[in-house]
Amino acid sequence: MITIIGAGKVGTSAAAFMMVKELDDILLIDIIPNKPQGEALDLSHAASILGKSITITGSNDYKDMAGSDIVVVTAGFPRKPGMTREQLLGKNAGIIADIAEKIKEYAPNSIVLLTTNPLDAMTYVMYKKLGFPRERVIGFSGVLDAGRLAYYASRKLKISPASIVPIVLGMHGQAMFPVPRLSTVMGAPLTSLLSPEEIEEIRKETVAAGKTITELRGYSSNYGPGAGLAVMVEAIKKNQHKAFIASAYLKGEYGFSDIVLEVPLVLGASGIERIIELPLNEEEKKGLAESAEAVKKLIDALPPEYK
Ligand code: NAD
């Protein structure tokens, strides 16, 4: 069973994509009475219409997640227009620490995926509070940041985003580090296919994408994260050994330790199977270090009880 904690916009979008893919039965948990039950009922009707053979239920009781092999955490406050992900830090750390206790109690063998912002710092809190091996604690966002890079590049190149392997490293936030030289179309780097001006435009659009959506419609993205969570859960459920960009607790990779950063990694039935270290040049190493510094500042700013 897949448990999704937080039956808000991201949680329910993720459930919808997972239902369409028939990955497993889904449980939605939320603290708001009746909300997860209502969302589950609507999604169950959608599953019936699409002819999908899975069960979707809602609950306000964490006990119901007992035995889940995957727990997706989308609980927390989202960004409002004009608000940075960083401002969410204190508010959401408390929620993540509480949820970590529930996961330890009811789903101690699960693989945990997390979206709550500020993502890298919240994944750090979750990892520290759970005490699970790092292979089973994964921060979601790299699939989204990279997916956005592929989207904006595809429009300039007039080529399907599916033909682009996009690389974004570091922080999920304003300090994210897109790497156009290592983002390729059939092996050709974007830097060889586009002008420096076009690449700078794509970089800016990618970094601003979340903010752009929030400013246009008044609330942050949910379909992109929902789709990304579904493909990551699929890779775990089907033991696909598939590579993604995602946030992981680093133990020396790229020269960083005791920090969570977006890196390329391989997902399978046991969670993170390995982290791929890309051959960064000196300029890129510097860019990643600056991005990591922004994450470190957030981790340093966490109250001691969350570390
Ligand atoms: P939302 O407000 O629509 O949903 C959040 C839900 O969490 C609410 O229903 C709320 O009741 C619930 N909740 C709060 N505390 C809880 C608890 N202790 N246990 C169970 N449920 C709890 O927000 P959203 O748009 O779905 O966003 C959720 C989170 O994901 C936010 O922190 C947002 O910033 C983040 N986000 C991350 C990414 C990413 O790429 N990592 C992308 C989009 C949004």
Side-chain angles (χ1 to χ4, degrees), residues 1-78 95-96 98-117 126 130 136-141 143-144 147 219-240 242 244 246 267-269 271:
M1 180 172 69
I2 303 161
T3 290
I4 299 178
I5 302 178
K9 293 186 195 69
V10 174
T12 52
S13 300
F17 287 115
M18 290 177 201
M19 174 272 286
V20 168
K21 284 176 170 284
E22 281 185 306
L23 297 183
D24 200 351
D25 291 340
I26 299 168
L27 169 69
L28 290 168
I29 293 184
D30 203 287
I31 43 170
I32 302 175
N34 298 325
K35 182 171 163 63
Q37 293 84 347
E39 296 287 0
L41 190 57
D42 194 9
L43 282 163
S44 299
H45 297 163
S48 167
I49 291 163
L50 294 172
K52 303 292 175 183
S53 307
I54 60 160
T55 303
I56 306 163
T57 45
S59 172
N60 302 112
D61 190 343
Y62 281 101
K63 280 197 201 80
D64 291 335
M65 70 192 276
S68 300
D69 52 349
I70 298 186
V71 178
V72 176
V73 180
T74 65
F77 296 95
I95 293 177
I96 295 307
D98 286 349
I99 291 173
E101 289 307 314
K102 308 289 184 204
I103 296 174
K104 266 202 295 199
E105 190 173 352
Y106 298 114
N109 299 316
S110 59
I111 295 171
V112 178
L113 281 93
L114 184 103
T115 70
T116 311
N117 274 323
M126 184 60 97
L130 277 175
R136 292 200 279 128
V137 187
I138 307 157
F140 170 84
S141 66
V143 174
L144 184 65
Y219 55 93
S220 64
S221 71
N222 57 293
Y223 301 115
L229 284 164
V231 292
M232 288 173 76
V233 168
E234 181 175 36
I236 296 167
K237 277 275 169 199
K238 298 182 179 170
N239 197 19
Q240 285 175 327
K242 214 168 164 180
F244 296 94
L267 289 183

Heavy-atom side-chain proximity of Val112 to Arg136 below 4.5 angstrom = no
Test Met65 against every option in Ile2, Thr3, Ile4 by the side chain to side chain contact (heavy atoms under 4.5 Å, CB included) rule and name the one that passes.
-> Thr3
Looking only at heavy atoms, which two atoms of Ile95 and Gly76 are closest? And how far apart?
-> CD1-CA, 3.9 Å
Check against side-chain contact (heavy atoms from CB on, under 4.5 Å), Ile103 and Val73 = CA-CA 10 Å; Ile103 296 174; Val73 180; 4.0 Å; yes
Counterpart residues, salt bridge (charged side-chain N to carboxylate O under 4.0 Å, His left out), relative to Glu22 (two or more places apart) | none
Within 6.0 Å of NZ in Lys102, more than 12 heavy atoms from elsewhere = no
For residues 40-61, which side-chain N or O atoms pair as donor and acceptor with protein atoms under 3.5 Å away, sequence neighbours left out?
| from | atom 1 | to | atom 2 | distance (Å) |
| --- | --- | --- | --- | --- |
| Ser44 | OG | Ala40 | O | 2.6 |
| Ser44 | OG | Ile56 | O | 3.2 |
| Lys52 | NZ | Val20 | O | 3.1 |
| Ser59 | OG | Asp61 | N | 2.8 |
| Ser59 | OG | Asp61 | O | 3.2 |
| Ser59 | OG | Asp64 | OD2 | 2.6 |
| Asn60 | OD1 | Gln37 | NE2 | 3.0 |
| Asn60 | ND2 | Asp30 | O | 2.8 |
| Asn60 | ND2 | Ile32 | O | 2.9 |
| Asp61 | OD1 | Lys63 | N | 3.0 |

All heavy atoms of Gly139 vs all of Ala246, minimum pair found to be O-CB, 3.6 Å
Looking only at heavy atoms, which two atoms of Ala66 and Met1 are closest? And how far apart?
-> O-CE, 4.1 Å
Does the side chain of Lys237 reach to within under 4.5 Å of the side chain of Asp69, using non-hydrogen atoms?
-> yes
Contacts of type side chain to side chain contact (heavy atoms under 4.5 Å, CB included), residue Phe244, not counting sequence neighbours = Val143, Val231, Met232, Ala235, Lys242, Leu267
Would you please name every residue forming a salt bridge (charged side-chain N to carboxylate O under 4.0 Å, His left out) with Lys104, sequence neighbours left out?
-> Glu101
Start with the C-alpha distance between Val71 and Ile5, add both sets of side-chain angles, then the distance that settles side-chain contact (heavy atoms from CB on, under 4.5 Å), and finish with yes or no.
-> CA-CA 7 Å; Val71 178; Ile5 302 178; 3.8 Å; yes
Between Ala75 and Ile96 the two heavy atoms that sit nearest each other are O-CD1, 4.4 Å
Taking all non-hydrogen atoms of both residues into account, name the closest pair between Pro225 and Val10 and its distance.
-> CB-CG1, 3.9 Å
Taking all heavy atoms of Tyr106 and all of Tyr62, pick out the closest pair and write down the distance.
-> CD1-O, 3.7 Å
For residues 227-236, the salt bridge (Lys or Arg N to Asp or Glu O under 4.0 Å) pairs (sequence neighbours left out) are Lys21-Glu234, Glu234-Lys238
Side chain to side chain donor-acceptor pair (under 3.5 Å): pairs with one or both residues in residues 8-19, sequence neighbours excluded | Ser13-Asn222
Any side-chain heavy-atom pair of Ser221 and Leu144 under 4.5 Å = yes
Side chains of Ile29 and Pro36: does their closest heavy-atom pair fall under 4.5 Å?
-> no
For side-chain contact (heavy atoms from CB on, under 4.5 Å), just list the numbers for Val72 and Val233, CA-CA rounded to whole Å, side-chain angles, deciding distance to a tenth of an Å, and then say yes or no.
-> CA-CA 9 Å; Val72 176; Val233 168; 4.0 Å; yes
Apply side-chain contact (heavy atoms from CB on, under 4.5 Å) to Leu229 and Leu113, showing your working.
-> CA-CA 8 Å; Leu229 284 164; Leu113 281 93; 4.2 Å; yes
Looking only at atom types and distance, does a side-chain atom of Ser68 sit under 3.5 Å from a main-chain N or O of Ala107, one as donor and one as acceptor?
-> no
Approximate separation, where rounding is to 0.5 Å, of Leu114 CG and Leu130 CG | 9.5 Å
